[in-house]
Amino acid sequence: MTLSRSRRNFLIAGGLLAGGAAIGALSRPWLINPCLAALPADLGEHPLLKSVWAGVDPAMVWDCHVHLAGVGDGGSGIAISQDMLSPLSPMQYLQRLFYLNAGCAHDAPDRVDQSYVERLHNLMEGMAPGAKLMLFAFEHAHDDNGRARPEASAFFVPNDYARRVAAESPEWFEWVCSIHPYRADCVDALDAAVAQGARAVKWLPPAMGIDPASPRCDRFYAALARRQLPLISHAGEEKAVHGIGEASWGNPLRLRRALDAGVRVVMAHCASMGDDVDLDQGPEGPRVRSFDLFARMMAESAYRDRLYADISAIILRNREVSVIRQIVETTEWHGRLLFGSDYPLPGILPLISPATLADEGLLDEAAVPVLEGMREHNPILFDFALKRLLVSDGVRLPASVFETRRFFDSSLARAA
(Lines give C-alpha, C1' and ligand atoms only; values in the text may rest on other atoms or scores of the structure.)
Protein backbone atom coordinates (compact mmCIF):
# COMPACT_ATOMS: atom_id res chain seq x y z
CA MET A 1 0.00 0.00 0.00
CA THR A 2 1.30 3.46 -0.88
CA LEU A 3 0.95 6.10 1.80
CA SER A 4 -0.21 9.57 0.93
CA ARG A 5 2.28 12.36 1.63
CA SER A 6 0.09 13.74 4.43
CA ARG A 7 -0.30 10.29 6.04
CA ARG A 8 3.46 9.65 5.78
CA ASN A 9 4.24 13.02 7.32
CA PHE A 10 1.76 12.31 10.11
CA LEU A 11 3.50 9.00 10.94
CA ILE A 12 6.94 10.58 10.85
CA ALA A 13 5.80 13.39 13.13
CA GLY A 14 4.25 10.89 15.54
CA GLY A 15 7.47 8.89 15.63
CA LEU A 16 9.55 11.97 16.30
CA LEU A 17 7.23 13.04 19.11
CA ALA A 18 7.48 9.60 20.66
CA GLY A 19 11.25 9.69 20.34
CA GLY A 20 11.31 13.10 21.97
CA ALA A 21 9.21 11.77 24.81
CA ALA A 22 11.68 8.90 25.21
CA ILE A 23 14.59 11.30 25.50
CA GLY A 24 12.61 13.43 27.94
CA ALA A 25 11.93 10.39 30.09
CA LEU A 26 15.65 9.95 30.61
CA SER A 27 15.87 13.42 32.12
CA ARG A 28 13.75 12.40 35.11
CA PRO A 29 15.91 11.58 38.17
CA TRP A 30 13.79 8.61 39.21
CA LEU A 31 14.31 7.01 35.77
CA ILE A 32 17.92 7.78 34.92
CA ASN A 33 20.91 5.86 36.22
CA PRO A 34 23.22 8.48 37.78
CA CYS A 35 26.27 6.32 36.93
CA LEU A 36 28.12 7.11 40.15
CA ALA A 37 31.51 5.51 40.69
CA ALA A 38 32.97 3.86 43.81
CA LEU A 39 30.73 3.28 46.82
CA PRO A 40 31.01 6.00 49.46
CA ALA A 41 32.43 4.94 52.82
CA ASP A 42 29.04 4.63 54.51
CA LEU A 43 27.98 2.02 51.94
CA GLY A 44 31.35 0.38 51.36
CA GLU A 45 31.74 -0.33 55.08
CA HIS A 46 28.08 -1.04 55.78
CA PRO A 47 27.44 -4.21 57.81
CA LEU A 48 24.82 -5.30 55.28
CA LEU A 49 27.39 -5.33 52.46
CA LYS A 50 29.79 -7.33 54.59
CA SER A 51 27.02 -9.78 55.41
CA VAL A 52 26.22 -10.59 51.77
CA TRP A 53 29.83 -11.68 51.13
CA ALA A 54 29.99 -13.71 54.34
CA GLY A 55 30.22 -17.43 53.56
CA VAL A 56 30.79 -16.85 49.85
CA ASP A 57 34.14 -17.45 48.14
CA PRO A 58 34.49 -14.44 45.77
CA ALA A 59 36.84 -16.42 43.53
CA MET A 60 33.92 -18.75 42.81
CA VAL A 61 31.44 -15.97 41.97
CA TRP A 62 31.00 -15.76 38.21
CA ASP A 63 27.96 -13.70 37.18
CA CYS A 64 26.82 -15.98 34.36
CA HIS A 65 24.46 -13.58 32.54
CA VAL A 66 26.07 -10.30 31.44
CA HIS A 67 25.43 -8.60 28.11
CA LEU A 68 27.96 -6.67 26.09
CA ALA A 69 26.40 -3.70 24.32
CA GLY A 70 27.33 -0.81 22.09
CA VAL A 71 26.65 0.71 18.69
CA GLY A 72 29.71 -0.46 16.75
CA ASP A 73 31.66 2.77 16.98
CA GLY A 74 34.85 1.29 18.42
CA GLY A 75 35.89 -1.39 15.95
CA SER A 76 33.96 -3.94 17.97
CA GLY A 77 31.89 -5.30 15.11
CA ILE A 78 28.74 -4.73 17.17
CA ALA A 79 25.71 -3.91 15.04
CA ILE A 80 22.22 -2.80 16.05
CA SER A 81 19.06 -2.58 14.00
CA GLN A 82 17.93 0.60 12.31
CA ASP A 83 14.74 0.41 14.37
CA MET A 84 16.77 0.83 17.56
CA LEU A 85 18.37 3.93 16.06
CA SER A 86 15.19 5.55 14.76
CA PRO A 87 12.57 7.56 16.69
CA LEU A 88 10.12 6.18 14.11
CA SER A 89 10.29 2.92 16.10
CA PRO A 90 9.77 4.55 19.49
CA MET A 91 9.67 1.44 21.67
CA GLN A 92 12.93 -0.02 20.33
CA TYR A 93 14.48 3.45 20.28
CA LEU A 94 13.56 3.89 23.93
CA GLN A 95 14.95 0.45 24.76
CA ARG A 96 18.32 1.44 23.30
CA LEU A 97 18.40 4.66 25.30
CA PHE A 98 17.62 2.85 28.54
CA TYR A 99 20.13 0.05 27.88
CA LEU A 100 22.94 2.48 27.15
CA ASN A 101 22.05 4.64 30.15
CA ALA A 102 22.00 1.51 32.31
CA GLY A 103 25.50 0.74 31.04
CA CYS A 104 26.58 4.39 31.47
CA ALA A 105 27.43 4.74 27.77
CA HIS A 106 24.55 7.05 26.81
CA ASP A 107 26.60 10.26 26.82
CA ALA A 108 29.74 9.17 24.96
CA PRO A 109 29.68 10.29 21.31
CA ASP A 110 31.94 8.14 19.10
CA ARG A 111 33.08 5.98 22.04
CA VAL A 112 29.95 4.20 23.21
CA ASP A 113 31.46 0.70 22.92
CA GLN A 114 34.56 1.71 24.87
CA SER A 115 32.55 3.53 27.53
CA TYR A 116 30.37 0.48 28.12
CA VAL A 117 33.44 -1.69 28.78
CA GLU A 118 35.05 1.01 30.94
CA ARG A 119 31.92 1.01 33.09
CA LEU A 120 32.22 -2.75 33.50
CA HIS A 121 35.79 -2.21 34.72
CA ASN A 122 34.54 0.38 37.18
CA LEU A 123 31.87 -1.98 38.51
CA MET A 124 34.31 -4.86 38.93
CA GLU A 125 36.60 -2.65 40.98
CA GLY A 126 33.71 -2.49 43.47
CA MET A 127 33.25 -6.26 43.69
CA ALA A 128 35.18 -8.52 46.05
CA PRO A 129 38.53 -9.54 44.49
CA GLY A 130 38.22 -12.74 42.49
CA ALA A 131 34.64 -12.25 41.28
CA LYS A 132 34.12 -12.27 37.52
CA LEU A 133 31.53 -11.54 34.84
CA MET A 134 30.69 -13.90 31.98
CA LEU A 135 30.31 -11.64 28.93
CA PHE A 136 27.86 -12.68 26.21
CA ALA A 137 28.40 -12.62 22.50
CA PHE A 138 25.12 -12.49 20.57
CA GLU A 139 24.60 -14.18 17.20
CA HIS A 140 22.79 -12.80 14.15
CA ALA A 141 19.32 -14.10 13.38
CA HIS A 142 19.47 -16.83 10.72
CA ASP A 143 16.88 -18.31 8.37
CA ASP A 144 15.93 -21.98 8.08
CA ASN A 145 18.76 -22.56 5.62
CA GLY A 146 21.38 -21.27 8.01
CA ARG A 147 21.92 -17.94 6.27
CA ALA A 148 22.61 -14.93 8.46
CA ARG A 149 19.93 -12.23 8.39
CA PRO A 150 21.65 -9.08 9.70
CA GLU A 151 18.76 -6.91 8.57
CA ALA A 152 16.39 -8.92 10.79
CA SER A 153 18.67 -8.92 13.84
CA ALA A 154 17.97 -6.56 16.74
CA PHE A 155 21.66 -6.53 17.57
CA PHE A 156 24.85 -8.51 17.01
CA VAL A 157 27.87 -8.91 19.28
CA PRO A 158 30.65 -10.92 17.58
CA ASN A 159 32.34 -13.82 19.34
CA ASP A 160 35.72 -12.25 18.59
CA TYR A 161 34.75 -9.07 20.42
CA ALA A 162 33.52 -10.88 23.54
CA ARG A 163 36.69 -13.00 23.52
CA ARG A 164 38.91 -9.93 23.10
CA VAL A 165 37.26 -7.95 25.91
CA ALA A 166 37.61 -10.94 28.24
CA ALA A 167 41.24 -11.58 27.24
CA GLU A 168 42.20 -7.96 27.94
CA SER A 169 40.98 -8.19 31.56
CA PRO A 170 41.17 -11.87 32.58
CA GLU A 171 41.06 -10.95 36.26
CA TRP A 172 37.48 -9.74 35.78
CA PHE A 173 35.97 -11.41 32.73
CA GLU A 174 35.19 -14.74 31.11
CA TRP A 175 33.29 -15.00 27.83
CA VAL A 176 30.35 -16.89 26.38
CA CYS A 177 30.10 -17.56 22.65
CA SER A 178 26.93 -17.40 20.57
CA ILE A 179 26.62 -19.74 17.58
CA HIS A 180 23.53 -20.40 15.49
CA PRO A 181 22.98 -24.16 15.20
CA TYR A 182 21.64 -23.93 11.63
CA ARG A 183 24.96 -22.59 10.33
CA ALA A 184 26.79 -24.99 8.02
CA ASP A 185 29.96 -24.38 10.04
CA CYS A 186 28.38 -24.42 13.50
CA VAL A 187 30.45 -27.35 14.81
CA ASP A 188 33.71 -25.86 13.53
CA ALA A 189 32.74 -22.51 15.07
CA LEU A 190 32.03 -24.23 18.39
CA ASP A 191 35.37 -26.05 18.36
CA ALA A 192 37.16 -22.76 17.68
CA ALA A 193 35.30 -21.00 20.50
CA VAL A 194 36.14 -23.76 22.97
CA ALA A 195 39.80 -23.59 21.96
CA GLN A 196 39.67 -19.83 22.66
CA GLY A 197 38.26 -20.27 26.14
CA ALA A 198 34.49 -19.88 25.75
CA ARG A 199 32.72 -21.08 28.90
CA ALA A 200 29.25 -21.65 27.42
CA VAL A 201 26.98 -20.93 24.45
CA LYS A 202 24.24 -18.28 24.58
CA TRP A 203 20.95 -18.49 22.66
CA LEU A 204 17.85 -16.35 22.58
CA PRO A 205 15.72 -18.57 20.31
CA PRO A 206 12.82 -16.26 19.34
CA ALA A 207 15.19 -13.41 18.44
CA MET A 208 17.81 -15.53 16.68
CA GLY A 209 15.41 -17.73 14.72
CA ILE A 210 16.29 -20.97 16.55
CA ASP A 211 13.74 -23.71 17.22
CA PRO A 212 15.44 -25.72 19.99
CA ALA A 213 13.19 -28.70 19.17
CA SER A 214 14.23 -28.82 15.50
CA PRO A 215 16.32 -31.71 14.13
CA ARG A 216 18.47 -28.98 12.55
CA CYS A 217 20.03 -28.56 15.99
CA ASP A 218 21.04 -32.20 16.43
CA ARG A 219 24.63 -32.03 15.14
CA PHE A 220 25.24 -28.95 17.30
CA TYR A 221 23.77 -30.69 20.34
CA ALA A 222 26.03 -33.68 19.72
CA ALA A 223 29.04 -31.36 19.62
CA LEU A 224 27.96 -29.58 22.82
CA ALA A 225 27.53 -32.90 24.63
CA ARG A 226 30.90 -34.11 23.38
CA ARG A 227 32.58 -30.91 24.52
CA GLN A 228 30.53 -30.77 27.75
CA LEU A 229 29.94 -27.06 27.10
CA PRO A 230 26.76 -25.69 28.71
CA LEU A 231 24.00 -24.06 26.67
CA ILE A 232 22.48 -20.94 28.27
CA SER A 233 19.16 -20.50 26.51
CA HIS A 234 16.37 -18.02 27.16
CA ALA A 235 13.15 -19.70 28.27
CA GLY A 236 9.71 -18.17 28.68
CA GLU A 237 8.35 -14.96 27.24
CA GLU A 238 10.80 -12.52 25.65
CA LYS A 239 10.15 -8.78 25.88
CA ALA A 240 13.52 -7.13 25.38
CA VAL A 241 14.79 -8.27 21.96
CA HIS A 242 13.00 -8.46 18.62
CA GLY A 243 13.85 -10.98 15.90
CA ILE A 244 12.58 -13.36 13.23
CA GLY A 245 11.74 -16.44 15.29
CA GLU A 246 8.47 -17.66 16.76
CA ALA A 247 7.58 -16.61 20.30
CA SER A 248 6.75 -20.27 20.97
CA TRP A 249 10.42 -21.19 20.53
CA GLY A 250 10.99 -19.91 24.06
CA ASN A 251 8.84 -22.74 25.42
CA PRO A 252 10.94 -24.59 28.04
CA LEU A 253 9.67 -27.93 26.77
CA ARG A 254 11.37 -27.33 23.42
CA LEU A 255 14.71 -27.72 25.19
CA ARG A 256 13.97 -31.37 25.92
CA ARG A 257 15.71 -32.23 22.65
CA ALA A 258 18.97 -30.72 23.88
CA LEU A 259 18.68 -32.40 27.28
CA ASP A 260 17.90 -35.77 25.71
CA ALA A 261 21.02 -35.36 23.57
CA GLY A 262 23.13 -35.08 26.73
CA VAL A 263 23.58 -31.29 26.75
CA ARG A 264 23.83 -29.40 30.04
CA VAL A 265 21.16 -26.72 29.64
CA VAL A 266 20.88 -23.54 31.71
CA MET A 267 17.39 -22.08 31.36
CA ALA A 268 17.79 -18.34 31.67
CA HIS A 269 15.51 -16.58 34.17
CA CYS A 270 13.99 -19.92 35.33
CA ALA A 271 11.42 -19.36 32.53
CA SER A 272 9.84 -16.97 35.03
CA MET A 273 7.59 -14.98 32.68
CA GLY A 274 4.83 -15.75 30.20
CA ASP A 275 2.87 -18.83 29.26
CA ASP A 276 3.34 -21.58 26.68
CA VAL A 277 1.52 -24.54 25.17
CA ASP A 278 1.88 -27.67 27.27
CA LEU A 279 3.48 -29.73 24.51
CA ASP A 280 3.56 -32.77 26.76
CA GLN A 281 -0.19 -32.91 26.03
CA GLY A 282 0.33 -32.47 22.30
CA PRO A 283 0.64 -29.47 19.98
CA GLU A 284 -2.88 -28.35 20.85
CA GLY A 285 -2.37 -28.69 24.59
CA PRO A 286 -3.53 -25.99 27.01
CA ARG A 287 -1.49 -22.88 27.69
CA VAL A 288 0.11 -22.87 31.12
CA ARG A 289 2.71 -20.71 32.84
CA SER A 290 6.17 -21.18 31.36
CA PHE A 291 7.48 -21.32 34.91
CA ASP A 292 5.22 -24.30 35.68
CA LEU A 293 6.66 -26.15 32.67
CA PHE A 294 10.16 -25.35 33.93
CA ALA A 295 9.23 -26.66 37.39
CA ARG A 296 7.89 -29.87 35.86
CA MET A 297 11.16 -30.45 34.03
CA MET A 298 13.21 -29.70 37.15
CA ALA A 299 11.31 -32.50 38.89
CA GLU A 300 12.18 -35.11 36.25
CA SER A 301 14.91 -37.45 37.47
CA ALA A 302 16.35 -37.90 33.96
CA TYR A 303 17.40 -34.23 33.92
CA ARG A 304 18.81 -33.84 37.42
CA ASP A 305 22.42 -33.75 36.22
CA ARG A 306 21.68 -31.78 33.04
CA LEU A 307 18.99 -29.14 33.64
CA TYR A 308 20.02 -25.98 35.48
CA ALA A 309 18.71 -22.42 35.57
CA ASP A 310 20.06 -18.97 36.14
CA ILE A 311 18.31 -16.53 38.46
CA SER A 312 18.81 -13.46 36.27
CA ALA A 313 15.80 -11.13 35.98
CA ILE A 314 13.67 -13.02 38.50
CA ILE A 315 13.37 -9.89 40.68
CA LEU A 316 12.12 -7.56 37.94
CA ARG A 317 8.75 -5.90 38.53
CA ASN A 318 7.13 -7.99 35.77
CA ARG A 319 7.70 -11.25 37.70
CA GLU A 320 5.00 -12.71 39.92
CA VAL A 321 5.84 -12.67 43.61
CA SER A 322 4.69 -16.29 43.83
CA VAL A 323 7.38 -17.23 41.31
CA ILE A 324 10.11 -15.56 43.36
CA ARG A 325 8.84 -17.31 46.48
CA GLN A 326 8.89 -20.72 44.82
CA ILE A 327 12.42 -20.25 43.49
CA VAL A 328 13.70 -19.29 46.94
CA GLU A 329 11.73 -21.87 48.91
CA THR A 330 12.30 -24.91 46.68
CA THR A 331 15.46 -26.12 48.36
CA GLU A 332 15.79 -29.16 46.09
CA TRP A 333 16.47 -26.74 43.21
CA HIS A 334 19.20 -24.81 44.98
CA GLY A 335 22.04 -27.04 43.81
CA ARG A 336 21.01 -26.34 40.21
CA LEU A 337 20.49 -22.58 40.38
CA LEU A 338 23.18 -20.19 39.12
CA PHE A 339 23.64 -16.52 39.90
CA GLY A 340 23.24 -14.14 36.95
CA SER A 341 22.40 -10.44 36.90
CA ASP A 342 21.25 -9.88 33.29
CA TYR A 343 23.31 -6.66 33.36
CA PRO A 344 22.65 -3.95 32.20
CA LEU A 345 19.03 -4.47 33.26
CA PRO A 346 19.72 -3.89 37.01
CA GLY A 347 20.93 -0.43 35.99
CA ILE A 348 17.49 0.50 34.63
CA LEU A 349 16.10 1.97 37.84
CA PRO A 350 12.34 1.42 37.32
CA LEU A 351 12.75 -2.31 36.64
CA ILE A 352 13.50 -3.43 40.20
CA SER A 353 11.82 -2.19 43.37
CA PRO A 354 13.46 -3.24 46.64
CA ALA A 355 10.63 -1.46 48.50
CA THR A 356 8.00 -3.62 46.79
CA LEU A 357 9.95 -6.78 47.59
CA ALA A 358 10.14 -5.65 51.22
CA ASP A 359 6.38 -5.01 51.26
CA GLU A 360 5.93 -8.61 50.14
CA GLY A 361 8.12 -9.86 52.96
CA LEU A 362 10.94 -10.91 50.63
CA LEU A 363 13.41 -8.37 52.02
CA ASP A 364 14.06 -6.73 55.37
CA GLU A 365 12.78 -3.16 55.18
CA ALA A 366 16.04 -1.89 56.71
CA ALA A 367 17.91 -3.18 53.65
CA VAL A 368 15.92 -1.06 51.16
CA PRO A 369 17.73 2.30 51.47
CA VAL A 370 21.12 0.57 51.52
CA LEU A 371 20.32 -1.39 48.38
CA GLU A 372 18.92 1.63 46.59
CA GLY A 373 22.04 3.63 47.41
CA MET A 374 24.20 0.75 46.26
CA ARG A 375 22.39 0.53 42.91
CA GLU A 376 23.28 4.12 41.98
CA HIS A 377 26.95 3.21 42.23
CA ASN A 378 27.12 -0.46 41.25
CA PRO A 379 24.08 -2.24 39.76
CA ILE A 380 25.89 -5.60 39.59
CA LEU A 381 26.79 -5.49 43.27
CA PHE A 382 23.21 -4.37 43.96
CA ASP A 383 21.80 -7.38 42.12
CA PHE A 384 24.15 -9.76 43.94
CA ALA A 385 23.36 -8.25 47.33
CA LEU A 386 19.60 -8.19 46.81
CA LYS A 387 19.51 -11.85 45.80
CA ARG A 388 21.72 -12.82 48.73
CA LEU A 389 19.21 -11.07 51.02
CA LEU A 390 16.03 -12.56 49.53
CA VAL A 391 14.06 -14.56 52.06
CA SER A 392 10.78 -16.44 51.85
CA ASP A 393 9.23 -18.43 54.70
CA GLY A 394 12.60 -18.28 56.45
CA VAL A 395 14.51 -19.74 53.47
CA ARG A 396 17.36 -17.99 51.66
CA LEU A 397 19.34 -18.91 48.58
CA PRO A 398 22.55 -20.61 49.76
CA ALA A 399 26.08 -19.47 48.94
CA SER A 400 26.39 -22.31 46.40
CA VAL A 401 23.92 -20.55 44.08
CA PHE A 402 26.39 -17.68 43.77
CA GLU A 403 29.54 -19.80 43.44
CA THR A 404 28.83 -20.53 39.79
CA ARG A 405 32.44 -21.08 38.75
CA ARG A 406 32.08 -24.64 40.01
CA PHE A 407 29.62 -25.26 37.17
CA PHE A 408 31.35 -23.43 34.32
CA ASP A 409 35.05 -24.07 34.99
CA SER A 410 35.80 -27.56 33.74
CA SER A 411 39.31 -27.41 35.25
CA LEU A 412 37.75 -27.56 38.72
CA ALA A 413 35.88 -30.76 37.82
CA ARG A 414 39.10 -32.31 36.52
CA ALA A 415 40.96 -31.30 39.68
CA ALA A 416 38.26 -32.85 41.83
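From a predicted model like this one, the values you see are computed outputs, not experimental measurements.
A salt bridge is absent between E320 and R325: the closest approach of a Lys/Arg side-chain nitrogen to an acidic carboxylate oxygen does not fall below 4.0 angstrom. Between R256 and E300 a salt bridge is recorded (basic side-chain N to carboxylate O distance below 4.0 Å).
Between V66 and M134 there is no side-chain heavy-atom pair separated by less than 4.5 Å. Annotation: side chain of D383 is not in contact with side chain of D63 (no heavy-atom distance under 4.5 Å). Counting only heavy atoms from C-beta outward, the side chains of H334 and T331 approach each other to under 4.5 Å. The shortest distance between side-chain heavy atoms of V157 and S178 does not fall below 4.5 Å. Proximity of I314 to V323: side-chain heavy atoms (C-beta onward) are nowhere separated by under 4.5 Å. Looking at heavy atoms from C-beta onward, Y343 lies out of side-chain contact with L133 at the 4.5 angstrom threshold. In this structure, W203 and L231 have side chains that are in contact, with non-hydrogen atoms separated by less than 4.5 Å. No side-chain heavy atom of L316 sits less than 4.5 Å from a side-chain heavy atom of D342.
Here the straight-line distance linking atom CG of D185 with atom CG of D191 works out to 11.0 Å at 0.5 Å rounding. One distance of note links CZ of F156 with NE2 of H140; it measures 4.0 Å at 0.5 Å rounding. Atom OG of S400 and atom CZ of R336 lie 13.0 Å apart (nearest 0.5 Å). Taking CG from L357 and CD1 from I315, the interatomic distance works out to 6.5 Å, rounded to the nearest 0.5 Å. Atoms CZ and CD1, on F408 and I232 in that order, are 4.0 Å from each other to the nearest 0.5 Å. The line from CE of M267 to CG of D310 is 11.5 Å long, rounded to the nearest 0.5 Å.
Across all non-hydrogen atoms, the minimal contact from R306 to D260 is NH1-CA, 4.0 Å. Pairing each heavy atom of D113 with each of G70, the nearest pair is OD1-CA, 3.1 Å. Closest of all the heavy-atom pairs between H180 and C186 is O-CB, 3.5 Å. When all heavy atoms are compared, the tightest approach of A141 to A207 is CB-O, 3.6 Å. The two residues A200 and V176 come nearest to each other via the heavy atoms O-CG1, 3.3 Å. When all heavy atoms of P34 and L349 are compared, the pair lying nearest together is CD-CD1, 4.3 Å.
Annotation: ring-ring contact (aromatic ring centres under 6.0 Å, His included) contacts involving residues 296-332, sequence neighbours excluded, comprise Y308-F407. Counting only residues at least two apart or in different chains, side-chain hydrogen bond (donor to acceptor under 3.5 Å, both in side chains) contacts with residues 358-374 are absent. For the salt bridge (Lys or Arg N to Asp or Glu O under 4.0 Å) condition, the pairs that include at least one residue of residues 121-134, sequence neighbours left out, are K132-E174.
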Pair L39, L49 - check side-chain contact (heavy atoms from CB on, under 4.5 Å), show working. CA-CA 11 Å; L39 292 177; L49 179 57; 3.8 Å; yes
Step by step, would you call H46 with M374 a side-chain contact (heavy atoms from CB on, under 4.5 Å)? CA-CA 10 Å; H46 199 283; M374 193 181 298; over 6 Å; no
E246/D211 under side-chain contact (heavy atoms from CB on, under 4.5 Å): CA gap, chis, key distance, verdict: CA-CA 8 Å; E246 302 289 335; D211 177 2; over 6 Å; no
Run the side-chain contact (heavy atoms from CB on, under 4.5 Å) check on L43 and V370 step by step: do they pass? CA-CA 7 Å; L43 289 176; V370 181; 4.0 Å; yes
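A search for side-chain hydrogen bond (donor to acceptor under 3.5 Å, both in side chains) contacts involving D278 returns Q281, R296, not counting sequence neighbours. Applying the side-chain hydrogen bond (donor to acceptor under 3.5 Å, both in side chains) test to S233 and every residue at least two apart in sequence or in another chain returns nothing.
With N378 contributing its side chain and L123 its backbone, the two residues share a donor-acceptor pair below 3.5 Å. A donor-acceptor contact shorter than 3.5 Å links the side chain of S353 to the backbone of T356. R119 contributes no side-chain N or O that, together with a main-chain N or O of A105, makes up a donor-acceptor pair within less than 3.5 Å. Without hydrogens or angle criteria, D73 side chain to V112 main chain gives a donor-acceptor distance under 3.5 Å. In terms of modelled atom types and a separation under 3.5 Å, the side chain of W172 and the main chain of L120 share no donor-acceptor contact. Between the side chain of E403 and the main chain of D57, a donor-acceptor pair closer than 3.5 Å is present. Side chain of Q228 to backbone of A225: a donor-acceptor contact under 3.5 angstrom is found. A distance-only check finds a donor-acceptor pair linking the side chain of K387 to the backbone of I311 [under 3.5 Å]. A side-chain donor-acceptor contact under 3.5 Å links D143 to the backbone of R147. The backbone N or O of V56 sits nowhere less than 3.5 Å from a side-chain atom of R388 that would complete a donor-acceptor pair.
The local environment of CD in E284 is sparse, with at most 12 non-hydrogen atoms from other residues, nucleotides or ligands closer than 6.0 Å. Under a cut-off of 6.0 angstrom, the local environment of CD in E151 is crowded, with over 12 non-hydrogen atoms contributed by other residues, nucleotides or ligands.
The one candidate from V321, L397, L362 that meets the side chain to side chain contact (heavy atoms under 4.5 Å, CB included) condition with S392 is L362.
Under the 6.0 Å cut-off for aromatic ring centres, H121 and F173 qualify, their centroids lying closer than that.
Aromatic ring orientation, H65 versus H269: tilted (interplanar angle from 30° to 60°). Under the 30°/60° scheme for interplanar angles, the aromatic rings of F155 and F138 are found to lie parallel.
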Donor-acceptor pairs are to be reported for all side-chain atoms of residues 215-224 against protein atoms at under 3.5 Å, with residues two or more places apart or in another chain.
residue: R216; atom: NE; partner: D144; partner atom: O; Å: 3.2
residue: D218; atom: OD1; partner: R257; partner atom: NE; Å: 2.7
residue: D218; atom: OD2; partner: R257; partner atom: NH2; Å: 2.9
residue: R219; atom: NH1; partner: A184; partner atom: O; Å: 3.2
residue: R219; atom: NH2; partner: R183; partner atom: O; Å: 2.4
residue: Y221; atom: OH; partner: P212; partner atom: O; Å: 2.6

